[in-house]
Amino acid sequence: MDRLPPLRLLTIFDAVHRLGSMQLAAAELNVTRPAVSQAIRALEDHVGAQLVDRSVKPAVATEAGERLARSTRSGLAQISDAIEEIRFAAGLAERQVTVCCTLGMATQWLMPRIAGFYSEHPGIMVNVQAPPSDLPHFAAGVDIALRYTTKPSEDGVTELLFPERVCPVGSPKVMTALKDDPANLRDATLIHVRVPQSYGWPGWSEYLALKALPRPKGPKQVYDNYIQAVQAALDGRGVMLGWRSITSALVMEGRLVPLPGGGHDFGTSYWATCAPDSHHKPAARIFMEWVSKAARPLREEAA
């Protein structure tokens, strides 16, 4: 790199070649003509070849000068483009927020509401990540995590979104067949989600035991995630253990019907946690305020 001339000399040489005049280059660069001439000579000394033919008026580039001019123009253009990209990225970083949550939370609760965020804050972009493990955590680049836990997290600034609650739900036809009697769940087709016990999501076994209901004898369907389970319930294939964060909108629309008296609180809630390194970001603070406001109806309903 020490074989390269100072960038100032290349910039002046580029202006002279581009404008075809030392006088015009001096005016553009806001320097004197002698300063331009001195810079060209310094550059020639550095490369060891004559770059400008001064025997003609106006002076023109030599063959060596043309070669250097092409490389200089290309190099300066790349530098300019890189600087613009860096400036854009730096500005974009302040105008975007990355949110991590479970797949079910993202699909059924957050994304249907995100249009409201954009209408209020059109200059901020929200990136939503749903980790395969279904356990939101602060990986590199994540600003906010929406988590289902029994207590607030301590790895950032945490706010309560809403207490979670569960209730059996199904299509209107399926729920009519239950005749509003929780005991009839024993013979119903129950929709299960295959979730590792370490994730902390209770299932039908825990629910039926805590509600003192008989063990099921009917068929069951098992799915890998709540998105598949919700679709199965909508299709009338059975009764799903519906979490408020996943099925509340569908219940309000009447597409899924809750079992009367079937609600249960496992003592869990959804929390929004802002990473310590992101709390200073205006976009992160704005999203935290918005998501808290979006969850207010569920908090008030629980209260």
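This one's a predicted model, so the numbers in the text were calculated from it and none came from an experiment. Residue numbers run from 1 in the order of the sequence given.
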K.L.:
Any chance the side chains of W271 and T149 put a donor and an acceptor closer than 3.5 Å?
P.N.:
yes

K.L.:
Classify the angle between the aromatic ring planes of F266 and W243 as parallel (below 30°), tilted (30 to 60°) or perpendicular (above 60°).
P.N.:
tilted

K.L.:
For R67, is the CZ atom crowded, meaning more than 12 foreign heavy atoms sit under 6.0 Å from it?
P.N.:
no

K.L.:
Looking at Q108 and T247, would you say the former's side chain and the latter's main chain have a donor-acceptor pair under 3.5 Å?
P.N.:
no

K.L.:
State whether the number of non-hydrogen atoms from other residues, nucleotides or ligands found under 6.0 Å of E66 atom CD is greater than 12.
P.N.:
yes

K.L.:
Give a yes-or-no answer on whether the side chains of S245 and E164 include a donor-acceptor pair shorter than 3.5 Å.
P.N.:
yes

K.L.:
Heavy-atom count check: over 12 atoms from other residues, nucleotides or ligands less than 6.0 Å from E154 CD?
P.N.:
no

K.L.:
Which heavy-atom pair separates L161 from L146 by the least distance, and what is that distance?
P.N.:
CD1-CD2, 4.0 Å

K.L.:
Hey, are K217 and D187 close enough for a salt bridge, meaning a charged N less than 4.0 Å from a carboxylate O?
P.N.:
no

K.L.:
Which class fits the ring pair F117 and H121: parallel under 30°, tilted 30 to 60°, perpendicular over 60°?
P.N.:
tilted

K.L.:
In Å and rounded to the nearest 0.5 Å, what is the CD to CG distance from Q96 to N127?
P.N.:
5.0 Å

K.L.:
Rounded to the nearest 0.5 Å, what separates atom CG in L241 from atom CG in L190?
P.N.:
9.0 Å

K.L.:
Got a second to check how far T98's OG1 is from F287's CZ, nearest 0.5 Å?
P.N.:
10.5 Å

K.L.:
Quick check: does any side chain N or O of S21 sit under 3.5 Å from a backbone N or O of Q23, one acting as donor and the other as acceptor?
P.N.:
yes

K.L.:
Are any of the side-chain nitrogens in K179 or D181 under 4.0 Å away from the carboxylate oxygens of its partner?
P.N.:
no

K.L.:
Taking the six-membered ring for Trp, are Y270 and F162 parallel (under 30°), tilted (30 to 60°) or perpendicular (over 60°)?
P.N.:
tilted

K.L.:
For the residue pair S269 and P163, what are the closest heavy atoms and their distance?
P.N.:
OG-CA, 3.4 Å

K.L.:
In terms of ring plane angle, is the pair F13 and H17 parallel, tilted or perpendicular, where the classes change at 30° and 60°?
P.N.:
tilted

K.L.:
Are the side chains of V166 and E206 in contact, using a 4.5 Å heavy-atom criterion?
P.N.:
no

K.L.:
Could E301 and R244 be called an ion pair, given the rule that one side-chain N must be under 4.0 Å from one carboxylate O?
P.N.:
yes

K.L.:
Flag yes if more than 12 heavy atoms outside E63 fall under 6.0 Å of its CD atom; otherwise flag no.
P.N.:
no

